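Below is one structure, written out as structure tokens, with a few remarks after it.
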Amino acid sequence: MAWVGILMGSESDWPVMKGTTTVLKDLGIEFEVRVTSAHRTPEETKQYIQDAEARDCGVFICAAGMAAHLAGAVAAHTVRPVIGVPIDSGPLQGFDALLSTVQMPGGIPVATVAVGKAGAKNAAYLAGQMLSLADESLVQKLVDDRAANRAKVAQQNESVQADL
Ligand code: RP5
């Protein structure tokens with residue numbers, strides 16, 4: 001099965017991006033994690049993308065904060081799907097990273113998810129949904145996960161009703 005390459009601009013993004021790896025593990029999807037920056041290590045970033053593509057990486061997930069160019073820089077070098085996670089680091093709390101990640105010029109798409117923790121999780125689900133097009137067993141895992149979500153909300157509702 002194809003795997004997911006996770007790139008982060010800094011180790012400081014890791015506490016948020018752990019959420020991506022937790023979901024990927026739950027879905028049984030293989031992944032790699034690399035700290036590599038669009039601005040601080042542009043050459044290494046490009047080399048990693050080429051190497052990962054040659055080893056059949058199916059989807060790239062890129063997380064960065066502030067002037068977040070990592071997802072866009074990766075998308076410039078590959079036609080594999082790129083998912084961008086804007087990280088809420090810095091004084092603007094992710095609004096800067098959101099705009100930098102989402103506002104790509106036509107022809108070079110980045111699928112941008114929510115800022116921060118929710119986005120980190122959803123990046124993994126979205127990657128799973130992409131890979132599930134070629135893997136029926138993954139479809140079932142995603143469906144099961146939705147069912148678990150539904151059950152959890154129902155339980156929360158019961159708990160609130162009981163507390164009225
Ligand atoms: C971005 O700048 C990183 O992705 C990180 O979110 C932010 C701050 O990086 P550090 O100064 O913590 O290394 O490139």
Side-chain angles (χ1 to χ4, degrees), residues 1-133 135 138 141-142 145 149 152:
M1 184 165 92
W3 53 281
V4 174
I6 301 171
L7 287 75
M8 305 179 290
S10 170
E11 189 184 5
S12 63
D13 301 324
W14 178 229
V16 173
M17 291 308 291
K18 262 190 185 172
T20 304
T21 62
T22 302
V23 174
L24 290 175
K25 280 180 195 166
D26 287 348
L27 294 173
I29 297 171
E30 301 276 322
F31 61 87
E32 290 181 359
V33 182
R34 295 286 184 278
V35 177
T36 185
S37 161
H39 303 122
R40 292 164 171 161
T41 59
E43 270 312 310
E44 289 84 346
T45 299
K46 185 178 167 190
Q47 278 166 20
Y48 178 72
I49 298 156
Q50 289 168 345
D51 173 58
E53 269 202 2
R55 293 183 292 111
D56 208 23
C57 174
V59 180
F60 291 99
I61 294 175
C62 304
M66 301 176 78
H69 292 117
L70 186 57
V74 170
H77 292 296
T78 184
V79 294
R80 306 280 160 94
V82 176
I83 300 169
V85 185
I87 300 292
D88 43 344
S89 54
L92 301 187
Q93 298 178 327
F95 190 53
D96 42 3
L98 171 64
L99 296 182
S100 301
T101 307
V102 77
Q103 287 291 47
M104 287 297 292
I108 315 290
V110 166
T112 305
V113 291
V115 175
K117 274 187 178 180
K121 280 187 189 175
N122 280 345
Y125 284 115
L126 187 54
Q129 289 175 211
M130 289 168 176
L131 296 178
S132 77
L133 293 172
D135 182 347
L138 204 42
K141 284 180 187 162
L142 289 161
D145 188 88
N149 252 330
K152 202 168 145 189

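Ligands are counted one by one from 1 in listed order, and the atoms in each one are counted from 1 as well. Quick caveat, the model's predicted, so the values are computed rather than measured. Index from 1, following the sequence.
Close approach of ligand 1 to S12 (heavy-atom distance below 4.0 Å) involves ligand atoms 5 (C), 9 (O), 10 (P), 12 (O). Of all atoms in ligand 1, numbered sequentially from 1 with element shown, those under 4.0 Å from a heavy atom of A64 are 4 (O). Those atoms of ligand 1 that come under 4.0 Å of a heavy atom in G65, given as number and element, are 1 (C), 2 (O), 3 (C), 4 (O), 5 (C), 6 (O). Shown in contact with S10 at under 4.0 Å from a heavy atom are these atoms of ligand 1, numbered in order with element: 3 (C), 4 (O), 5 (C), 9 (O), 10 (P), 12 (O), 13 (O). Heavy-atom proximity to S89, at under 4.0 Å, picks out these atoms of ligand 1: 5 (C), 6 (O), 7 (C).
Ionic pairing of R55 and D51 is present here: one or more N-O contacts between side-chain nitrogen and carboxylate oxygen are shorter than 4.0 angstrom.
Using a 4.5 Å heavy-atom threshold, the side chains of T41 and V35 count as separate. At a threshold of 4.5 Å between non-hydrogen side-chain atoms, the residues D56 and R80 count as touching.
With atom 11 (O) of ligand 1 as the reference point, the heavy atom nearest to it among M66, R40, M8 is part of R40.
In plain terms, the two heavy atoms of V115 and Q93 that are nearest each other are CG1-O, 4.2 Å. Taking all atoms of both residues into account, the shortest heavy-atom contact from V4 to I61 is CG1-CD1, 3.7 Å.
Looking at atom 5 (C) of ligand 1, its nearest protein heavy atom turns out to be D13 OD1, 3.3 Å.
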Inset, instruction - Please test C62 against V82 for side-chain contact (heavy atoms from CB on, under 4.5 Å), starting from the C-alpha separation and ending with a verdict. - result: CA-CA 7 Å; C62 304; V82 176; 4.0 Å; yes
